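To find a chain, count down the sequence lines: A is the first, B the second, and so on, and within it residues start at 1. Only a predicted model underlies this, so the values are computations on that prediction, with no experimental measurement involved.
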There are 2 protein chains.
Amino acid sequence: MAKTNALFMSGVPELLVLRLLAREEMYGYQLVRAIKAASNETFDLAEGVVYPVLHSLEVRKLLKAREKMAEGRSRIYYTLTAKGSKRLAELSEQWQRVRDGVAQVLGGQYA
Amino acid sequence: MAKTNALFMSGVPELLVLRLLAREEMYGYQLVRAIKAASNETFDLAEGVVYPVLHSLEVRKLLKAREKMAEGRSRIYYTLTAKGSKRLAELSEQWQRVRDGVAQVLGGQYA
DNA sequence: CTCCATACCTATTTGTTATAGGTAAGACAG
DNA sequence: CTGTCTTACCTATAACAAATAGGTATGGAG
């Protein structure tokens, strides 16, 4: 269901997840909709993309998960660890590097 | 040898190759160095990355190849086809979409 | 004649997203 | 109390692209 055109996406889901969870604690399903909303519909990542990213980040100790009851439902909320914050900063920097590098090559038009 | 950190690179080699070949006819080895120079050292793609991209683009009729002698050497020069120009425009647009989408999510800091 | 830069090539590995399912619980209509 | 929709979670597999790590051959410099 992902409308995102695949190209240029490598690393993007991880970056978006880290950035949004740095703002506030969220659970997976909420995150899926938050990514769509925060990107103004640009990214519409399927759950099958977001959940594996969450699990991978948790295993790598960049996220911490905790189960919480809310509205009579059990949900799994995620927050950044200190390592996660560091990773977010690094990824943001890398993203900027690539973005600026591409801008230089594209030059005036298409910039 | 590629110093580029792998993440955020999907689609980028193809975009860069198309953009540079839109400016002027070039051969593979020249292109490798041109990418490095034009990106101000941001991208240092290995030949093993660039050649397969060239071959793929040629098969897909986005590039046209011709052998030319220069400086007592036979080289394979590539130029964009009409389809290639169209593809470049599309890719540039997609790139901008992703770039802007990420910028929106990252927000003020890290932007 | 040796070495290095040029110039080209490709098989394999690695890493990531995307797809396409599946499970279960609560809400709500009929 | 039954069916359906949304919420909420999950994962195996496929698809795809870059990166790696090789290999070949030629020309020029020393």
Side-chain angles (χ1 to χ4, degrees), chain A residues 1-18 26-36 42-60 63 65-78 91 94-95 98 101-102, chain B residues 1-18 26-36 39 42-60 62-63 65-78 91 94-95 98 101-102:
Chain A
M1 313 289 191
K3 299 212 181 68
T4 321
N5 220 307
L7 284 186
F8 305 122
M9 287 302 290
S10 88
V12 168
E14 182 177 331
L15 175 59
L16 299 181
V17 165
L18 286 172
M26 286 173 116
Y27 57 95
Y29 195 77
Q30 182 185 7
L31 200 46
V32 169
R33 288 171 305 179
I35 286 169
K36 190 175 174 183
T42 301
F43 305 119
D44 189 9
L45 304 185
E47 296 166 41
V49 171
V50 174
Y51 284 110
V53 168
L54 286 172
H55 300 154
S56 162
L57 290 172
E58 193 192 355
V59 166
R60 289 149 65 203
L63 294 184
R66 64 168 179 136
E67 215 166 331
K68 206 173 70 170
M69 290 296 286
E71 298 158 51
R73 244 172 208 276
S74 176
R75 291 164 179 160
I76 304 172
Y77 285 80
Y78 294 90
L91 272 191
Q94 276 182 42
W95 164 255
V98 171
V102 169
Chain B
M1 313 284 189
K3 298 213 181 69
T4 321
N5 219 309
L7 284 186
F8 307 122
M9 288 302 290
S10 90
V12 168
E14 181 177 330
L15 176 59
L16 300 181
V17 165
L18 285 172
M26 286 173 115
Y27 56 96
Y29 196 78
Q30 180 185 9
L31 199 46
V32 169
R33 289 172 303 179
I35 287 169
K36 190 174 175 183
S39 69
T42 301
F43 305 120
D44 189 9
L45 304 183
E47 295 167 42
V49 171
V50 173
Y51 284 111
V53 167
L54 286 171
H55 300 154
S56 162
L57 290 172
E58 193 191 357
V59 166
R60 289 148 65 202
L62 305 173
L63 293 184
R66 65 169 179 133
E67 214 166 330
K68 208 173 72 171
M69 290 299 285
E71 298 158 49
R73 243 171 209 276
S74 175
R75 291 164 178 159
I76 304 171
Y77 285 79
Y78 295 91
L91 272 191
Q94 276 182 44
W95 164 255
V98 171
V102 169

Residue A:Tyr51, side-chain heavy atoms: nucleotide from D:dA18, D:dA8, C:dT10 that is nearest: D:dA8
Closest non-hydrogen atom pair, B:Tyr77 against B:Ala70: OH-CB, 3.9 Å
Closest to the A:Ala46 side chain, choosing from D:dC10, C:dT19, D:dA18: C:dT19
5' priority, DNA chain C, between A:Gly48 and A:Arg73 [closest heavy atom]: A:Gly48
Donor-acceptor contact present, side-chain B:Ser74 to main-chain B:Met69, <3.5 Å: no
Protein-nucleotide distance (B:Gln30, atom CD; C:dA5, atom P), rounded to Å: 19 Å
Which residue lies more 5' along DNA chain D, comparing B:Glu71 with A:Ile76 via nearest heavy atoms: A:Ile76
Any donor-acceptor N/O pair, B:Glu14 side chain to B:Gly11 backbone, under 3.5 Å: no
Where A:Phe43 and B:Val102 come nearest, the two heavy atoms and their spacing: CE1-N, 3.6 Å
Touch class at under 4.0 angstrom, heavy-atom based, for A:Glu47 against every strand present: base
Distance in angstrom units between A:Ile35 CD1 and D:dA8 P, rounded: 15 Å
Separation of atom CE in B:Met26 from atom P in C:dT6, rounded to whole Å: 14 Å
Rounded distance in Å - CG (A:Asp44) to C1' (C:dA18): 13 Å
Side chain of B:His55 (C-beta onward), nearest among C:dC8, D:dT20, C:dT10: C:dT10
Min side-chain heavy-atom separation A:Tyr78-A:Val17 under 4.5 Å: no
Interatomic distance where CZ belongs to B:Phe8 and P belongs to C:dG15 [whole Å]: 16 Å
Check: B:Ile35 main-chain N/O paired with B:Ser39 side-chain donor or acceptor under 3.5 Å: yes
Among D:dA8, D:dA19, D:dC10, the nucleotide that comes nearest once only the side chain of A:Tyr78 is considered: D:dC10
Below 4.0 Å: OP1/OP2 of D:dA8 and any side-chain N or O of A:Tyr27: yes
Closest listed nucleotide, where the reference is the side chain of A:Arg75 and the choices are D:dT20, D:dT7, D:dA17: D:dT7
Pairing string, 5' to 3', for DNA chain D - Watson-Crick or wobble contacts under 3.5 Å, brackets [ ] where pairs cross, | to another strand: ||||||||||||||||||||||||||||||
Nearest-nucleotide pick for A:Val53, side chain only, options being C:dT19, D:dA18, C:dT17: C:dT17
Side chain proximity check, A:Val32 to A:Leu45, heavy atoms < 4.5 angstrom: no
salt_bridge(B:Glu47, B:Arg33) N-O dist < 4.0 Å: no
Atom-pair distance (OH on B:Tyr29; P on C:dT10), nearest Å: 18 Å
d(CD, B:Gln94; P, D:dA17) in whole Å: 11 Å
Gap between atoms CG and P, on B:Leu7 and D:dA19 respectively (whole Å): 10 Å
Sugar-phosphate only, base, or nothing, as touched by A:Pro13 at under 4.0 Å among non-hydrogen atoms: sugar-phosphate
